[in-house]
Novice: 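Sharing a structure here in structure tokens format.
Throughout, protein chains are lettered first and strands after them, A, B, ... in sequence-line order, and every chain is numbered starting at 1. It should be emphasised that the depicted structure is a prediction, and the values quoted were computed from it without experimental measurement.
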8 protein chains.
Amino acid sequence: MNGEEPLGFATVDHDRASRCGFPEVVFCAGKSPSQCATIARAIAARADRVLCTRVDDATAKALLDALPGASHHAAARCVVFERTPLTRIGLVAVVAAGTADLPVAEEAAVTAEALGCAVERHVDVGVAGLHRLVARLPAIRAARVVVAVAGMDGALPSVLAGLVAIPVIAVPTSTGYGVGQGGLAALAAMLSSCAAGVTCVNIDNGFGAGYAAALVNKSGVAMLRAP
Amino acid sequence: MNGEEPLGFATVDHDRASRCGFPEVVFCAGKSPSQCATIARAIAARADRVLCTRVDDATAKALLDALPGASHHAAARCVVFERTPLTRIGLVAVVAAGTADLPVAEEAAVTAEALGCAVERHVDVGVAGLHRLVARLPAIRAARVVVAVAGMDGALPSVLAGLVAIPVIAVPTSTGYGVGQGGLAALAAMLSSCAAGVTCVNIDNGFGAGYAAALVNKSGVAMLRAP
Amino acid sequence: MNGEEPLGFATVDHDRASRCGFPEVVFCAGKSPSQCATIARAIAARADRVLCTRVDDATAKALLDALPGASHHAAARCVVFERTPLTRIGLVAVVAAGTADLPVAEEAAVTAEALGCAVERHVDVGVAGLHRLVARLPAIRAARVVVAVAGMDGALPSVLAGLVAIPVIAVPTSTGYGVGQGGLAALAAMLSSCAAGVTCVNIDNGFGAGYAAALVNKSGVAMLRAP
Amino acid sequence: MNGEEPLGFATVDHDRASRCGFPEVVFCAGKSPSQCATIARAIAARADRVLCTRVDDATAKALLDALPGASHHAAARCVVFERTPLTRIGLVAVVAAGTADLPVAEEAAVTAEALGCAVERHVDVGVAGLHRLVARLPAIRAARVVVAVAGMDGALPSVLAGLVAIPVIAVPTSTGYGVGQGGLAALAAMLSSCAAGVTCVNIDNGFGAGYAAALVNKSGVAMLRAP
Amino acid sequence: MNGEEPLGFATVDHDRASRCGFPEVVFCAGKSPSQCATIARAIAARADRVLCTRVDDATAKALLDALPGASHHAAARCVVFERTPLTRIGLVAVVAAGTADLPVAEEAAVTAEALGCAVERHVDVGVAGLHRLVARLPAIRAARVVVAVAGMDGALPSVLAGLVAIPVIAVPTSTGYGVGQGGLAALAAMLSSCAAGVTCVNIDNGFGAGYAAALVNKSGVAMLRAP
Amino acid sequence: MNGEEPLGFATVDHDRASRCGFPEVVFCAGKSPSQCATIARAIAARADRVLCTRVDDATAKALLDALPGASHHAAARCVVFERTPLTRIGLVAVVAAGTADLPVAEEAAVTAEALGCAVERHVDVGVAGLHRLVARLPAIRAARVVVAVAGMDGALPSVLAGLVAIPVIAVPTSTGYGVGQGGLAALAAMLSSCAAGVTCVNIDNGFGAGYAAALVNKSGVAMLRAP
Amino acid sequence: MNGEEPLGFATVDHDRASRCGFPEVVFCAGKSPSQCATIARAIAARADRVLCTRVDDATAKALLDALPGASHHAAARCVVFERTPLTRIGLVAVVAAGTADLPVAEEAAVTAEALGCAVERHVDVGVAGLHRLVARLPAIRAARVVVAVAGMDGALPSVLAGLVAIPVIAVPTSTGYGVGQGGLAALAAMLSSCAAGVTCVNIDNGFGAGYAAALVNKSGVAMLRAP
Amino acid sequence: MNGEEPLGFATVDHDRASRCGFPEVVFCAGKSPSQCATIARAIAARADRVLCTRVDDATAKALLDALPGASHHAAARCVVFERTPLTRIGLVAVVAAGTADLPVAEEAAVTAEALGCAVERHVDVGVAGLHRLVARLPAIRAARVVVAVAGMDGALPSVLAGLVAIPVIAVPTSTGYGVGQGGLAALAAMLSSCAAGVTCVNIDNGFGAGYAAALVNKSGVAMLRAP
């Protein structure tokens, strides 16, 4: 298969862009900085954009060296390389329940932007102070999909889904302690949500939520173009 | 110790009323109808009131035979015997998120009433339809303590505690399925609540919530009497 | 709030259709047949369509009596009432890994249809016989969103998401035994998917998947109408 | 909503004091020292008191700089700022089973004091040496509510609730090892308590217990003032 | 090996009495009545005593037919056959926290008696009514080992071990509900006991506790005979 | 793909025999008797042998009607159809720790036989009576692979693997109670085995163990034929 | 109660020696070195011996300063102070499955010695090399009780209990990885042991096993003295 | 038993080679470098080859000093000593799903090589890019057994087993995060695999997989030699 490039420690899947709409994304956790850089360079050799996630400082440095012009989104732990910028279309709302949920929310937002979405962020609007969430509703309802990020009791997506008519992608975070440690309480609550329209990704998986949100956001656009 | 009465299969603790303020309560699950009836009769011989919980139909029949004049609260699975009625004081609000949470909420309400509390019930006011909850806030805020009963994602107590200034006793229920089966998701969410003022009891433990609510409700009254 | 109708054991949320795009759905598990019928009748009094899920035989009978003209989808455990049929637009693909996953897949399909989506079903195309899945790819790629239902090892959504460019909503089922009993192995695998674009709902929650798929499917259509 | 102040990384809820009786509390874990200081300063600009919990040494320094006159309770990991001291009323008993449970017990005690409660501490009175607990009973019974802090087997609240007529708020701690590691054994035991009147908070959540105890303690007082 | 007798579906271990001090015990759960009877008869052919546990009614009937003169202890779910009665020596105290723990406590007591121990039973002496336990202390201290049976919060062995100078064998029971369902809360609490001298057996394993208690009880006696 | 036959509720994979060496196996749990019979008949139309597992009585009847000449192995819950008998080659030893483990051991043995292996069974040779196991060692060592079936503490495979030089396939069973309920203790012990050469299948998965054992057993034979 | 000495952060229980046969033991984990030293000195002021467990290097230094003449058993993480040496009586066998289990086995051995028992150690005699265990059987059978320490699959106590006629106290260790990480696999296997006579302590709780073994070992001796 | 050599902290089992076909393997985790070196030297004194696993840098240095001529496979964390090289026979395929799975895959490969197997590695062929796996199928089918290493959703072995006719030994890795953290999601998925022919080892247990694969690989060879 000609789209497969073996690097010894990795096998780059160059056909992914045509098959799935975006080049292979480099998940950097568990790989060395030089492994990450080698993979990223191999992708950039044949694609116009590269997204690298779970980037620590050493890896960010190696990636910026390997991909001149790439930008490091430190809060999101992402490096994004774009040879040509994408027009950002539609609207993805990213809502975070608390300050400690920001890194995961940023990973979702940066991912959706890298995939060509317009993104609007809403911060610290958890359910313990409901009016903060209610005040943002008009803006959130204008989006085509909402990513709701929360730790602790994970109640935000349930409340949100009862107030809007768009898909809610819930992201539990590992914020918290005791029975909520590691995010399992938030995940269980989100999966058990009694509000319809909520789907869920893995704990702290801001990337997965942003990626799925982008697919939803662009789905309507595609129909606009070719019905 | 003269307050201890051995029945062979059980040992009645007659001193409990003076020590803890209410006679021993009969938890009927795991005991035969005739065991329950024998214990209840022994308590009634020395106390003015008896509360029996987790009462199935056969046990209810045995208890009503043993305690003439007792009443069977079928929805709450309780039998209550009162030789002299208690004046119901203060106010306990019992809030249930969904229709399936009603039996547990009723157990809490009947228990609090048996301990001498005025109780007000609010039904099916879960967070997926927030305005239903908001509409009840004035009534709930008039209470001295609120019992919040919910299954599924268990989000109700978190939302409620952000809206009131009284203690919230959360009761997870075993309503639901999948990761929420058995009530563990609701319990974890309630314990992880990011709203202050929430304490929790075991899954489906309406009795425990009602009992603790009664202690809180009567606490202020006691100070009124003897400051 | 004038959209709230108290029934004693339940509080109907009539504003939900305007707020969320579809009237309140009746989740029948944990409610008596007559409770379900009363709620469904109250909704139908003000809305053109009613969806009831987790319907057992006794409840189905009560619902069909309460909602003349409603149809019972036995395999999906749903009852659907439509005063005026919706035009079914877009395309949702529902893919089931095995024969035992059919009831959950049907619940997803019937839900999406009740919300106005065209739906195509693909049955018994699990990963142990990959060519069966590969043969369906052209049809699946024509959809705007795919619901992937699987129990056991839950590998189907991971494999599928690597082959398509549309959102994949994964539904773990409680099919299986041993460590997979209750569907936890499938759920964990789906949440841990190394393929981007997958979001997940609770175990056996075909309704939730179908509802979210409908929101995604209709999202593009809305833009078509009013950009 | 005029009570909402956006800080970029956080949204301060200034209405909380009027809604819930005490200004927003700053949970410092997962926030940077400067984020904590900024939030605390914003609250202090409009409120007379600020409570910060889970404060490490660097954060304590930043908070003391931001809130001149605040005091650092190192054992409790709290910083408390009071523009005008509150009169401490009622009585909250804080009982700790072992020496290793002291930090959590102190967090509960400092929280209750910050909310205006008189507090009495009882240390190292676990059930393995029952007479130590029995010796403290007269003092504990004089309180309006008791916070019982224990790790390991978590037996203290069960034993205590059988001996007093006031609400017992149980706090499991993460003290211990093996199956008790992380506090899950203590939590499970406390939730399963066979003694009535016990409610529970999350593992190590001294703050939550102290806050709920303060609500209970002040509940009676409120009635004294305005019956 | 001449002590091994194959029965097709089982292989009887006739050397166990000489190796371990008591013939093989027949655990009847998971075996058919006729399988149990065949095994019991094979053991009785070469040994003076047979103990069968987890005996349901059909199996009891088959065993009593197979072993004329055997006795059925229904509350303990045991059948005991003794060709010659053993002198019961030493003293084992069996303490049960609640009425629902009686079947497990009886299994322990009958097992210890079948192995030749004098046994004294103490019923319904849980920690929620401590004085009931304290009243039994002199009798319990006279034993050489105590078996403590409890469900729910499993606090009894911890409290007991702080009050006596003999080994405490803890038996968690599956009594309870919610997080305590299946006995896991009680087991975790017992293993996490902060009182020294406690060892534990599996949930509901009255037989294991009674057997181990008998080994301890007889250990001293053996030294008396042959120092 | 011409090897794929759609049945509506299932899609038969006729290429599996050429791809994997044996026709598709019918796992009957979760399918109706008539679904099982339809699938089995479809496979038999193109293959010389059919193996059906997890067969209850009603399904067995339907299968025997659909596949004249098939045999029902009731203890193994299997139905096997062979148009032409296979010569049974090599040797697979199936060792069961206890009588209650027999159904799972039989499923493994019947599966291996259906795949053309000679099989020898060893029953009730658990580690509590080690000499029973030791007595069987010469016979077990003559096999090319051993399937070790055990519940409870799951110690058999560990002990066995230290005594033989052939692969040990461990099968945990759901025999037992308390912490061992459902087979999780046995599974965890087997996966944690400190003896090299042990691999594991899911709880109660006798089929999986028998199938893998057959692949191992025939692997040597294949080399004999075509090196 | 005159046996109770408050130290501020701890309350020493001086009556424990008369009540339970040995002075309070100092569990040092979770306490500061100076707290440990203060408690140890307070005990030594009224008792002839002090046992401190879970002693790290800094705490050991503080204890040796506080208790001149005490000895530090580094492998066991214990410090033992004896004003007058105890005659070591009876025999406790301590058996460890692997080298990594030695620290826990040593803690058990040192504890039993501190309580006046003769102790014999058997190292690295796990079940993967059965003959090593068999070679030690005569020595082990001479003991009055055996402590069996094992991690990984935890099979040692099951095998041992089938070979001896004395009580087996099983200690799971946190040795291992994967599903055995933290010792849960070993604990579950030991509690599920199919061999009678096994009781269990918490993971890594060498102290608890040694203490219980000492109670058993001395039980017979007491009868020798005062029958 | 003359094959047993006591080293104080360990007991070397010199008979293992004759009993199990390969000398005792040194699992270095939890042992000090000098303990590892002493054990390895003792084995090498009587055997021609020594395999040491879980070797960190300090231990590697000690082993290379103790075993001149040994080689350190750093990626596999193994040290291998061979006095005389083994002819490598048959073929084991080792397939890794991702780059982060390489260390575990290497441990499996080095182990199989140390036991005398020819090994072929296939890297980064996970199911999210199926064509990469399909491209390797001819090479994998030429092996006599395949080791499939994967973390995250653990789907690789299921997909692979549906495509080959040889035994698949699945190794879950601790790669990942959230619900997949520690490898439990991958392990559960592999054990729940709906594809026949899969057996499993513990998380990250590359050694166990390589050892079992070697037994399978050599099984055919033995028959070739001595049918």
Novice: About how many Å separate CG of Asp153(B) and CG of Asn202(C), when rounded to the nearest 0.5 Å?
Specialist: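 So the CG of Asn202(C) and the CG of Asp153(B) are separated by 10.5 Å.
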
Novice: Considering only heavy atoms from C-beta outward, does the side chain of Leu102(B) approach that of Phe9(C) to under 4.5 Å?
Specialist: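 They are in side-chain contact.
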
Novice: Identify which part of Thr99(B) has an atom lying under 4.5 Å from any heavy atom of chain C, answering side chain, backbone, both or neither.
Specialist: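 Both parts, backbone and side chain.
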
Novice: With a 4.5 Å cut-off on side-chain heavy atoms, are Tyr177(B) and Ile203(C) touching?
Specialist: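 They are not in contact (no side-chain heavy atoms under 4.5 Å apart), so the answer is no.
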
Novice: What pair of heavy atoms forms the shortest contact from Val179(B) to Leu187(C), and how long is it?
Specialist: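 Closest pair (atom of Val179(B), atom of Leu187(C), distance): CG1-CD2, 3.0 Å.
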
Novice: Do you know which two heavy atoms are closest between Arg16(C) and Ala128(B), and how far apart they sit?
Specialist: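 So the minimum-distance heavy-atom pair works out to NH1-O, 4.2 Å.
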
Novice: For the side chain of Asp204(C) and the backbone of Gly178(B), is there at least one donor-acceptor N/O pair under 3.5 Å apart?
Specialist: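 No; zero donor-acceptor contacts below 3.5 Å.
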
Novice: For Asp57(B), does the CG atom sit with more than 12 other heavy atoms under 6.0 Å from it, leaving out its own atoms?
Specialist: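 No, because the 6.0 Å sphere around CG of Asp57(B) holds 12 heavy atoms or fewer from other groups.
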
Novice: Taking all heavy atoms of Thr11(C) and all of Arg132(B), pick out the closest pair and write down the distance.
Specialist: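 Scanning both residues, the minimum pair turns out to be O-NH1, 2.7 Å.
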
